[in-house]
Amino acid sequence: MKKIFLFFAAVCALFGCNPTHEDISNGGHISVDELKAVTSVTVNVDPNTGQNGNVITCKTTAPVNAKWTFTGSNGVSKDVVTYGVSKKMALDDYIVTLTALCPDGTMHKVEYPVTCQVTTDQLVKVYLYGENPAEQPPFTPNPWDMGQMRFSDFEGAYLPYISDEVYENLTTIIFDVAEATEDCKVAISNGWWGNWYYDTNPWSGSPKSVKAGLFEVTINDVINRECSRKYKDEDPAGGKDLALMVVGGSCTIRSVYYEE
């Protein structure tokens, strides 16, 4: 979990002058009921089936600093900081949580359960590697070499730097694995002198097994904060590039992308 008070202190400056909120005019204190009255979380409807689509829209006009957290059925969550947001989602059951920092310092949390049943708005692949196989052919990363799958323009062998703007809304990076040995495993980190994610420290944890097919890395809020450059001055662990490292067996990567 992030250092939430430091986080909200930082976004107060960002949103403090936003004129889009409603003036409740009650001396700075906002009750949960008042917050709910000017907040909505909706999902679009497929006109052909009447089922829920896959676009979730969140809005509030309360004079608060708003953070929306989307938590899927796997328990993994992703934060978005804004007054309103529309997101194309994978089909799943979600809990959308509004965390609101009020003018008087009070913090409220309100949860909204949402189910995405059918795809109405296709997610679009954004390639980080391999969109054109002639220019970026499949590669086999060397074992125990973190630079082989580091997302960096100056230390990475194949994968590009991911900008702060992309990290802010990034939920999953997908590796299309052409082939992998049965003993192939990877560790996920932000550098030798950084942190290991998802308990994949190769000496004390459990690196993840890789099979042929799609291998997904969920970008949670810890990874977002520690791999985005914008946090490097306020967080000692921040500003370091995400990296995967083969620590057992071998695999061949056909492409790497995310969807939006």
Side-chain angles (χ1 to χ4, degrees), residues 1-45 52-90 92-116 164-171 218-239 260:
M1 189 69 184
K2 295 180 182 176
K3 302 169 185 175
I4 192 163
F5 291 104
L6 289 176
F7 177 81
F8 276 109
V11 298
C12 277
L14 180 61
F15 293 108
C17 297
N18 191 311
T20 62
H21 62 65
E22 179 175 304
D23 181 10
I24 295 179
S25 299
N26 56 3
H29 177 73
I30 301 167
S31 69
V32 172
D33 289 339
E34 288 173 321
L35 178 63
K36 289 180 178 179
V38 293
T39 300
S40 65
V41 174
T42 58
V43 61
N44 68 319
V45 176
N52 288 351
N54 68 311
V55 180
I56 300 176
T57 300
C58 309
K59 295 180 180 178
T60 186
T61 56
V64 298
N65 288 309
K67 180 179 74 170
W68 303 96
T69 303
F70 298 79
T71 305
S73 60
N74 61 358
V76 176
S77 63
K78 180 66 181 178
D79 291 346
V80 177
V81 182
T82 181
Y83 277 90
V85 62
S86 290
K87 285 184 68 66
K88 289 187 286 186
M89 308 293 291
D92 199 359
D93 295 322
Y94 295 94
I95 297 295
V96 180
T97 304
L98 168 61
T99 303
L101 182 64
C102 304
D104 66 349
T106 303
M107 189 180 296
H108 295 311
K109 285 191 176 184
V110 184
E111 293 186 347
Y112 300 85
V114 178
T115 298
C116 293
D164 292 349
E165 292 74 20
V166 171
Y167 266 124
E168 195 64 40
N169 292 293
L170 188 59
T171 56
T218 299
I219 307 301
N220 59 22
D221 291 315
V222 173
I223 294 177
N224 177 19
R225 184 175 185 88
E226 294 183 355
C227 296
S228 296
R229 303 278 172 87
K230 64 183 178 181
Y231 295 118
K232 65 181 180 180
D233 293 332
E234 59 187 86
D235 190 331
E260 63 177 13

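Going from atom NE2 of His108 over to atom OG1 of Thr99 covers 11.5 Å, rounded to the nearest 0.5 Å. Atoms CZ and CG, on Arg229 and Asp164 in that order, are 8.0 Å from each other to the nearest 0.5 Å. Separating the NZ atom in Lys59 from the OG1 atom in Thr42 is a distance of 7.0 Å, to the nearest 0.5 Å. Here CG of Asp92 is found 10.5 Å from OG1 of Thr71. Values are rounded to the nearest 0.5 Å. Here CG of Asn224 is found 8.5 Å from CD1 of Ile219. Values are rounded to the nearest 0.5 Å.
Between Ser228 and Tyr167 the shortest heavy-atom distance is OG-CB, 3.4 Å. The two residues Glu260 and Lys88 have their closest heavy-atom pair at O-NZ, 3.4 Å. Nearest heavy-atom pair, Phe70 versus Cys58, reported as atom, atom and distance to 0.1 Å: CZ-SG, 3.8 Å. When all heavy atoms of Val114 and Val41 are compared, the closest pair comes out as CG2-CG1, 3.7 Å. Among all heavy-atom pairs drawn from Cys116 and Ala90, the shortest one is CB-O, 3.9 Å. The two residues Leu35 and Ala100 come nearest to each other via the heavy atoms CD2-CB, 3.8 Å.
Thr39 pairs by the side-chain hydrogen bond (donor to acceptor under 3.5 Å, both in side chains) definition with Thr60, not counting sequence neighbours.
The backbone N or O of Met89 sits less than 3.5 Å from a side-chain atom of Asn54, completing a donor-acceptor pair. Within the 3.5 Å criterion, the main-chain N or O of Leu101 finds no donor-acceptor partner in the side chain of Asn65.
Using modelled atom types and a 3.5 Å distance limit, the side chains of Asp104 and Thr106 yield a donor-acceptor pair. No side-chain donor from either of Asn52 and Thr115 sits under 3.5 Å from a side-chain acceptor of the other.
At a threshold of 4.5 Å between non-hydrogen side-chain atoms, the residues Pro113 and Asp93 do not count as touching. Contact check for Cys102 versus Val64: side-chain heavy atoms found under the 4.5 Å cut-off.
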